[in-house]
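Fair warning: this is a prediction, and the values are worked out from it, not measured in the lab. Start at 1 and go down the list; that is how both ligands and their atoms are numbered.
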Amino acid sequence: MGRVKLYDTTLRDGTQAEDISLLLEDKIRIAHKLDELGIQYIEGGWPGSNPKDVAFFKEISREKLRQAKVAAFGSTRRARVAVEKDNNIKTLLAAEPDVITIFGKTWDFHVREALRISLEENLELIFDSLDFLKRHSGEVFYDAEHFFDGYKANPEYAVKTLQAAQQAGVDCIILCDTNGGTLPFEVARIIGDVQTRISTPLGIHSHNDSECAVANALQAVEMGVVQVQGTINGFGERCGNANLCSIIPSLQLKMKRECVSDDQLRNLQDVSRYVYELANIPPDKRQAFVGSSAFAHKGGVHVSAIERNPETYEHMRPELVGNRTRVLISDLSGRSNVMAKAKEFNLDLDSRDPVTLEILDNIKEMENRGYQFEGADASFELLMKKALGSHRKFFQIIGFRVLDEKRGEDQRPTSEATIKVKVGGKVEHTAAEGSGPVNALDNAIRKALEKFYPKLKEVKLLDYKVRVLPAGQGTASSTRVLIESGDRHNRWGTVGVSDNIIDASYIALIDSLDYKLHKLEE
Ligand SMILES: CC(=O)SCCNC(=O)CCNC(=O)[C@H](O)C(C)(C)COP(=O)(O)OP(=O)(O)OC[C@H]1O[C@@H](n2cnc3c(N)ncnc32)[C@H](O)[C@@H]1OP(=O)(O)O
Ligand SMILES: CC(=O)C(=O)O
């Protein structure tokens with residue numbers, strides 16, 4: 001079995017996704033990251049499309065990649081234009097990439113409707129373009145657009161288009177599920193037939209419109225294709241492309257088809273996050289393999305078992321792709337969740353200690369009141385410390401007051417907070433303004449406490465989420481505030497619940513600063 005080659009099209013098809021647009025500098029950075037990951041081919045863009053993509057090929061030719069080849073993308077020549085005069089073909093050659101990939105039509109319907117030319121003329125477009133490129137450049141790949149749909153509509157014609165590409169001597173023919181509607185068993189059947197009629201090495205390019213892009217890619221490899229196209233995080237037109245963050249570990253760990261080194265595989269989560277960051281898209285926590293929830297265990301029964309042997313509820317070791325096992329705390333927890341957290345927080349706790357049950361009961365009762373500890377590990381750590389008697393009281397809040405004032409219809413409201421704290425027998429009374437009542441309160445608390453603990457200046461409020469919880473029978477609705485804070489090294493989550501939004505925010509803010517002080521002491 002030969003090595004399967006990975007062909008990444010994040011920088012081309014990935015940018016065809018809604019909301020994704022990469023700066024030139026970001027495309028170069030991502031290319032380096034993909035090279036480090038061990039991707040063999042990086043499709044950088046369509047130089048015939050826009051100046052940024054032209055600049056990419058200029059820029060990347062000056063950079064030193066470790067091993068990856070850079071591919072430029074384009075289409076077959078336009079109808080009624082001689083290949084040597086075709087602008088798209090000329091820009092592909094002018095870009096001087098290591099590889100040129102062009103797409104052509106294989107579906108008779110598309111030839112008639114999209115190109116509006118005869119079926120014969122389309123075969124000429126394919127042959128002319130590939131033959132010309134093969135004679136004037138190095139490695140040339142052919143993306144057989146809509147191949148599976150084309151085959152289902154008119155198998156004879158679809159295969160004829162591949163034969164035209166083969167006759168031109170292309171290095172690989174990539175069968176594309178462009179509309180993403182093909183199912184894995186169809187991929188197997190169709191590739192099986194193509195293999196009896198085409199001897200050029202085959203590849204697969206699948207889209208995710210039926211949620212089968214990764215399955216189709218793996219099925220194609222199982223059938224013997226030698227090139228897999230996809231994108232990091234599955235970015236791509238409409239529902240996206242086959243996700244390389246799932247394909248790579250599946251090939252490597254499950255199908256035993258080595259495509260990158262073990263060290264490179266351990267960088268997978270890092271690469272996924274890097275691409276999200278540069279694309280300015282929040283990471284999908286539920287993403288298979290690399291998402292933060294991919295190995296996060298919530299149900300008590302699951303946690304109990306993974307603590308005994310992780311394989312009971314994990315399909316693979318998360319560390320192999322740079323991920324990690326996480327235990328979540330909620331009202332679905334059992335003693336095992338509490339014990340796992342105690343271990344994580346370095347707290348001495350015995351599962352038979354009545355405190356363990358006390359903590360568990362406390363969580364369930366608090367979650368019933370609206371608390372949610374899943375995203376608030378820091379609040380949970382403080383709760384455990386209080387239960388174990390190891391919580392140090394760094395400060396005491398004597399009271400606070402928040403004023404919100406609007407002095408006219410066209411005036412912006414102003415907010416001011418005052419707070420009284422006691423630290424080691426000294427009382428501090430401080431006031432501060434803010435852009436809103438919560439911000440004013442946050443400023444006042446910090447101003448007061450920073451006098452005693454200057455390191456609290458490092459703490460930044462990174463995220464603030466409010467959820468109004470529906471009222472139960474005979475009770476007022478309450479508010480849950482989840483805060484994410486961070487310093488130069490860490491991020492942590494805290495939670496507060498109250499029927500007053502300011503009070504809920506206050507509880508979460510206080511926990512955040514209290515947590516930081518405990519960490520400083522440790
Ligand atoms: C399956 C895929 O993902 S393919 C990649 C799709 N990606 C993109 O389209 C992004 C980049 N595209 C672009 O920047 C522009 O569409 C360009 C520069 C390529 C073309 O722009 P325009 O010349 O203004 O044409 P427009 O986008 O309106 O229409 C596409 C043209 O390409 C032609 N065309 C489409 N596919 C092919 C093909 N495989 N071979 C030759 N010509 C093709 C169409 O017939 C149409 O030409 P016509 O109007 O002369 O009939
Ligand atoms: C080539 C390509 O991007 C497709 O067929 O989807």
Right, does atom 15 (C) of ligand 1 have protein non-hydrogen atoms nearer than 4.0 Å? no
With a cut-off of 4.0 Å, which atoms of ligand 1 are near a heavy atom of T178? 1 (C)
Show, in sequence, the C-alpha distance, side-chain angles and deciding distance for D131 and R135, and conclude whether the salt bridge (Lys or Arg N to Asp or Glu O under 4.0 Å) test is met. CA-CA 6 Å; D131 175 60; R135 282 189 283 111; 3.1 Å; yes
Is it true that a side-chain atom of N208 and a backbone atom of C212 form a donor plus acceptor pair closer than 3.5 Å? yes
If you count the atoms of ligand 1 from 1 in the order shown, which ones are under 4.0 Å from a heavy atom of A114? 45 (O)
For atom 5 (C) of ligand 1, which of R12, K105, E237 has the closest heavy atom? R12
Polar contact flag for S49 and ligand 1 (N/O pairs, less than 3.5 Å): yes
Quick one: CD1 on I100 to CD1 on I89, what's the gap to the nearest 0.5 Å? 8.0 Å
Looking only at heavy atoms of R116, does any of them come nearer than 4.0 Å to an atom of ligand 1? no
Nearest protein heavy atom to atom 21 (O) of ligand 1, by residue and atom, and its distance? R78 NH2, 4.1 Å
May I ask whether atom 47 (O) of ligand 1 is less than 4.0 Å from at least one protein heavy atom? yes
of all protein heavy atoms, closest to atom 38 (C) of ligand 1 is T76 OG1, 3.4 Å
For the side chain of S137 and the backbone of K134, is there at least one donor-acceptor N/O pair under 3.5 Å apart? no
Ligand 1 contacted by N50 (non-hydrogen, < 4.0 Å): no
Can you tell me if N309 uses its side chain to pair, donor with acceptor, with the backbone of T312 under 3.5 Å? no
So the atoms of ligand 1 within less than 4.0 Å of a heavy atom of F73 turn out to be 5 (C)
Flag, side chain of S206 to backbone of A213, donor-acceptor distance under 3.5 Å: yes
Protein heavy atom at shortest distance from atom 45 (O) of ligand 1: L115 CD2, 3.4 Å
What are the two closest heavy atoms between P47 and G45, and how far apart are they? CD-O, 3.4 Å
Protein contact for atom 51 (O) of ligand 1 (heavy atom, distance under 4.0 Å): no
Given the options F103, Y41, F73, F141 meets ring-ring contact (aromatic ring centres under 6.0 Å, His included) only with Y41
Flag atom 28 (O) of ligand 1 as yes if some protein heavy-atom distance to it falls below 4.0 Å, otherwise no. no
For the backbone of N233 and the side chain of N243, can you confirm whether one donor and one acceptor N or O come within less than 3.5 Å of each other? yes
Does the protein come close to atom 24 (O) of ligand 1 - that is, does one of its heavy atoms sit below 4.0 Å from that atom? no
Whether the side chain of D13 engages the backbone of T9 through a donor-acceptor N/O pair (distance < 3.5 Å, no angle test) should be reported. no
Minimal heavy-atom distance between Q166 and R197, with the atoms involved, is NE2-O, 4.4 Å
N/O donor-acceptor pair under 3.5 Å between T10 side chain and I232 backbone: yes
Suppose we measure from atom 1 (C) of ligand 1 to each protein heavy atom; which comes out shortest, and what is that distance? E145 OE2, 3.2 Å
Would you sort out whether D270 and R273 count as a salt bridge (Lys or Arg N to Asp or Glu O under 4.0 Å), showing the intermediate values? CA-CA 5 Å; D270 177 49; R273 298 256 167 104; over 6 Å; no
Mind listing the closest non-hydrogen atom pair of V481 and A508 along with its distance? O-CB, 4.0 Å
H146 touching ligand 1 at heavy-atom level, < 4.0 angstrom: no
Numbered atoms of ligand 1 (with element) below 4.0 Å of G48, judged on heavy atoms: 18 (C)
With under 30° as parallel and over 60° as perpendicular, where do the rings of F109 and W107 fit, or are they tilted in between? tilted
Before signing off on this row, confirm whether Q16 and ligand 1 have an N or O atom pair separated by under 3.5 Å. yes
Atom 7 (N) of ligand 1 protein-contacted (non-hydrogen atom, under 4.0 angstrom): yes
Non-hydrogen protein atom less than 4.0 angstrom from atom 36 (N) of ligand 1: yes
Indicate yes or no for a side-chain donor-acceptor contact from R326 to the backbone of F295 under 3.5 Å, with no hydrogens or angles considered. no
Around ligand 2, what residues show up once you keep those with a heavy atom under 4.0 Å from it? R12, D13, D143, E145, C176, T178, H205, H207
Looking only at protein heavy atoms, which one is nearest to atom 10 (C) of ligand 1, and how far off is it? W46 CE3, 4.1 Å
